[in-house]
Student: 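Take a look at the following structure, please.
Note: hydrogens, waters and symmetry copies are ignored here, and every other heavy atom, side chains too, is used.
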Amino acid sequence: MVSITTEYISVGGNRHPAAADWDVQLGVLAFGADNNVALWDPRDASQRGVYALLVGHTDKVSAVRFYTCPATGTKLLLTGSIDQTIRIWRADAVDPAKFAHAHTLTGHTGSVNTIAVADGVAIIASGAADGTVKIWKIDTQETVIKADVFQDFTMKPRFFPLALSLKPLSTESKDKPVVLAVAGTMNNVQIYVSEDTIAGASFRLSATLSGHEAWVRSLSFTEDKQSKSGDLLLASASQDKYIRLWRLQRGEATKSALADDADPMLGGLETTLSNKAHQFEAAGSKYSVTFEALLFGNEDWIYTACWNPSTERQQLLSASADNTLTIWEQDPVSGVWLSAERMGEISVQKGSTTATGSTGGFWIGLWSPNGRQVVSLGRTGSWRAWRYDADCDMWLQALGITGHVRSVNGVQWEPTGGYLLSTSADQTTRLHAEWSREGLKSWHEFSRPQIHGYDLNCIDTLGPARFVSGADEKLLRVFNEPKPIAQLLEKLAGFKPGTDEELPDTAQIPVLGLSNQAVGDEIPMEVDEESAAGARQVQANQAMISNLWHPPLEDQLARYTLWPEHEKLYGHGYEISTVAVNHDRTLVATACKASSIDHAVIRLYDTSDWREIRPSLKAHSLTITSLCFSSDDQYLLSVGRDRQWAVFLRSGQDPSSFSLLTSNPKGHSRMILDAAWAPQAANPVFATAGRDKSVKLWEKVEDSFACKTTISLENSVTAVSILPSVLDASFFLATGEESGKLSIYQVTVDGLEARHVATVDRSVSPSRAITQLSWRPSHQTDVRDTQSRFKLAVASEDSSVRVYAISDMLS
């Protein structure tokens, strides 16, 4: 029986302030990752990162909340999406860290922006871009989960709710009144109160809190730990760069809490800081809401504010677009709220561009269940983590997780399988490798070789320390591995490239440029002190990277792990669509998007001097979607949107010259999307994958290729890859479909008979089209040993990179 396990999932988080939650009981952090929900345990000692992706939503996930049903204690995960639905996932009874889809709530007619839950409250609230808030009653039974709309109210004045917070008003009252705070695309916070949600009493608007001067992005209730009467504190964070704290207490507000309008200290700020007491009744008791404190110090929008779940300390965590994560605490003597800790960027780097490593702000900040760790999500989709060290009384940065935030368009292994490169429409190229230490192994991003200004479309390796990538900018760029990254990979991943070439130093992007410039290692004598200081700083950064004992942190990845650019390859007139390097790494073949014969050509470049080999190869009339060289480099195969494939033969006299051997203008009935050569046998064989839902195997017959086998699949086949070694007189073919379905076939060398051996379970396969598949090269000589565990890298439009371990394929 074929065994397929997911070894690595790399995916970035959605930039939506409500799209993540960290559960207090399980310790699991769930976050929206494109249209999936990623599960990660930041406290896991093995550092395995994302361990599962929940598939089901058809658009980006924008709201995530964990919820425990008060009646049954069942743990649920609630996720809202731009697809206007809320999905309920139930925790597995045996392994609570696993979740399965249980129910879908429909009714909103706009993107779901936020979900609110509260301990001991049998309802949840959701706010959407249709301008409504819906209150749902959740009923969990042994096998089924039911949910009904308990109340539905439209915002007046009309606005989009972006933040909700729910809390029981009183723990003593038998009637259990509940308070709901609502805010969004206006300056006010609305307070709704329900007398008794169990009996079915509906929410009514009880107070409107004014004071903010821009949209309110986040709301969070907590019980005031200093209060003896069970007061609640509400934090509201806004785009006006301020956080306001409001006190909700039983009884009427005391006179001392109200500011005197004639107070000279206010000096004209009466409107902003006026402390009007808002009073209302619930369950026979009077309550009042008063303004408590104004927290200021941020220099940009504040996206989230949340209270520390620990019962020991009353702390508020805020995440802001100014690249800081701030912990606010009340001074025990004066009662003034101060920023006790700031994490993230220092102000000198705030004006820097993404090219020079700026993170572009923090969108989410979350507390760990014990309140001794915080995480934040930045613009690059990466999670950063900080842990509180009690010995030195400091917050220290720890290893987080990283991933692409848009469609991953290419993956390619280093020629010996030492590391994996991925490239994406998020305009970055990333290097992934396996970190080995003290009996533990885990995959991480080790370098971000390319941060670009164009969407990246394709990639291939030019040996262990060089790669070439193509983007939407009509040219290809070649990069060299810097010395610190090579030293880091050797130390942590055990990968020592077999080259003796002198490696360059790390690179940096000039502020107004696209090229990664190499940074010289010698400090010039006749320069001003500022330049010399800059050069010394670069040397210090290089030493820091090569001396790391763990994979680089996000700020190091974005700033210090770029690869210097070696060469640019010009010639194409449109966006680059595909690139391939031959096995002896002497030639680069590329093609670009084309709607005419003039541009649908293959250009070849000689890697010894990077000149283009003329004339370019012609056969197609539309975009060439894939290029690949046979394992002996004698043939170059091209397939395209014009439904044809073409095979070019290498010249015996001039190894850099190719000529058209044969082509088939009707290879498939619809466009061909990918192709792959089988490992070298007596007769050359290649596979083509088409939009006509089939994979065809072609074998050389005299001077042409004939179709020997057709494999029919359920959907358009977007990717195909063949394991580069022959096992038991057969080879293995992996197919990726537009739906994200991934299958493996065993094909006999003689006769090309295909047998389906495995399909990856839908729950652990990508949720969108697979863009590229790549088998990890294996250079072990013992075939029996190699067959035990093969690695297959998968790139998908759902912004994930996955590595599957596949074993027992010959059983």
Student: Mark yes when over 12 heavy atoms from residues, nucleotides or ligands other than Trp367 sit less than 6.0 Å from its CH2; otherwise mark no.
Tutor: yes
Student: Does any part of the side chain of Arg437, heavy atoms only, come nearer than 4.5 Å to the side chain of Ser442, both counted from C-beta?
Tutor: yes
Student: With a 4.5 Å limit on heavy-atom distance, are the side chains of Trp337 and Ile243 in contact?
Tutor: no
Student: Ring centroids only, cut at 6.0 angstrom: are Tyr51 and Trp40 within range, meaning strictly under it?
Tutor: no
Student: Between Val24, Val28, Asp23, which is the residue that forms a side-chain contact (heavy atoms from CB on, under 4.5 Å) with Pro369?
Tutor: Val24
Student: Taking the side chain as every heavy atom from C-beta outward, state whether Ser546 and Lys483 have any atom pair closer than 4.5 Å.
Tutor: no
Student: Please name the pair of heavy atoms, one in Leu76 and one in Phe99, separated by the smallest distance, quoted to 0.1 Å.
Tutor: C-CE2, 4.3 Å
Student: Does Ser800 reach the side chain of Leu53, with side-chain heavy atoms less than 4.5 Å apart?
Tutor: yes
Student: So Trp246 and Ile191, side chain to side chain contact (heavy atoms under 4.5 Å, CB included) or not? Walk me through it.
Tutor: CA-CA 11 Å; Trp246 312 85; Ile191 302 293; over 6 Å; no
Student: Ignoring hydrogens and geometry, is there a side-chain-to-backbone donor-acceptor pair from Ser238 to Trp215 under 3.5 Å?
Tutor: yes
Student: With the threshold set at 4.0 Å, does a side-chain nitrogen-carboxylate oxygen contact exist between Glu554 and Arg448?
Tutor: yes
Student: Does Asp426 reach the main-chain N or O of Val405 with its side chain, forming a donor-acceptor pair under 3.5 Å?
Tutor: yes
Student: Just so I know, are the side chains of Phe221 and Leu248 near enough to count as touching, which here means a heavy-atom distance under 4.5 Å?
Tutor: yes
Student: In a check of side-chain contact (heavy atoms from CB on, under 4.5 Å) between Trp383 and each of Val50, Ile401, Thr402, Leu399, which one passes?
Tutor: Ile401
Student: Ignoring hydrogens and angles, tell me if any N or O in the side chain of Thr304 forms a donor-acceptor pair with the backbone of Ser218 under 3.5 Å.
Tutor: no
Student: Walk me through it: do Lys60 and Asp34 pass the test salt bridge (Lys or Arg N to Asp or Glu O under 4.0 Å)?
Tutor: CA-CA 5 Å; Lys60 272 197 165 57; Asp34 204 87; 3.8 Å; yes
Student: May I ask you to test the Gln314-Gln330 pair for a side-chain heavy-atom distance under 4.5 Å?
Tutor: yes
Student: Parallel, tilted or perpendicular, judged at 30° and 60°: which one describes the rings of His444 and Trp435?
Tutor: perpendicular
Student: Tell me whether Lys98 at atom NZ has more than 12 heavy atoms from other residues, nucleotides or ligands lying less than 6.0 Å away.
Tutor: no
Student: Checking the side chain of Asn14 only, and the main-chain atoms of Ser62 only, is there a donor and an acceptor separated by less than 3.5 Å?
Tutor: no
Student: With a cut-off of 6.0 Å (strictly less than), are more than 12 heavy atoms of other residues, nucleotides or ligands near CE of Met544?
Tutor: yes
Student: State, to 0.1 Å, how close Ala398 and Arg387 come at their nearest heavy-atom pair, and which atoms those are.
Tutor: CB-NH1, 3.1 Å
Student: Could you check whether any side-chain N or O of Thr326 sits under 3.5 Å from a backbone N or O of Ser318, counting only pairs where one atom can act as donor and the other as acceptor?
Tutor: no
Student: Looking at Arg384 and Ser376, would you say the former's side chain and the latter's main chain have a donor-acceptor pair under 3.5 Å?
Tutor: no
Student: Do Tyr419 and Phe495 make the cut of ring centroids closer than 6.0 angstrom?
Tutor: yes
Student: Taking atom CG as the centre, does Asp119 end up with more than 12 heavy-atom neighbours from other residues, nucleotides or ligands that are less than 6.0 angstrom away?
Tutor: no
Student: Could you report the tightest heavy-atom contact between Ala20 and Leu366, atom names first, then the distance?
Tutor: CB-CD1, 3.9 Å
Student: Under a 3.5 Å threshold, yes or no: a donor from one side chain and an acceptor from the other, between Ser10 and Trp443?
Tutor: no
Student: Within the distance-only criterion (no hydrogens, no angle test), does the side chain of Lys491 pair as donor or acceptor with the backbone N or O of Asn547 below 3.5 angstrom?
Tutor: yes
Student: Quick one: does Asp322's side chain have a donor or acceptor within less than 3.5 Å of a partner on Glu299's backbone?
Tutor: yes
Student: Any idea which heavy atoms bring Trp89 and Thr79 closest together, and the distance?
Tutor: NE1-OG1, 2.9 Å
Student: Just wondering, do Ile115 and Tyr67 contact through their side chains at under 4.5 Å, heavy atoms?
Tutor: no
Student: If we count only N and O atoms by modelled type, under 3.5 Å, do the side chains of Ser368 and Gln373 hold a donor and an acceptor together?
Tutor: no
Student: Count the heavy atoms of every other residue, nucleotide or ligand shown that sit under 6.0 Å from OH of Tyr242, and state whether that count exceeds 12.
Tutor: no
Student: Inspect the surroundings of NZ in Lys441 and state if more than 12 heavy atoms from other residues, nucleotides or ligands are less than 6.0 Å away.
Tutor: no
Student: Which heavy-atom pair separates Ala33 from Val11 by the least distance, and what is that distance?
Tutor: CB-CG2, 3.5 Å
Student: Taking atom types as modelled and ignoring hydrogens, do the side chains of Arg65 and Thr114 form a donor-acceptor contact shorter than 3.5 angstrom?
Tutor: no
Student: Is the backbone N or O of His212 less than 3.5 Å from a side-chain atom of Asp240, with the two atoms forming a donor-acceptor pair by type?
Tutor: no
Student: Is atom CZ of Arg43 surrounded by more than 12 heavy atoms (other residues, nucleotides or ligands) closer than 6.0 Å?
Tutor: yes
Student: Using modelled atom types and a 3.5 Å cut-off, is there a donor and acceptor pairing between side-chain atoms of Asn323 and backbone atoms of Gly361?
Tutor: yes
Student: With a 4.5 Å heavy-atom cut-off, do Thr428 and His404 have their side chains touching?
Tutor: yes
Student: Considering all heavy atoms of both residues, which atom of Trp563 and which atom of Ser447 are nearest to each other, and what is their separation?
Tutor: NE1-OG, 3.1 Å
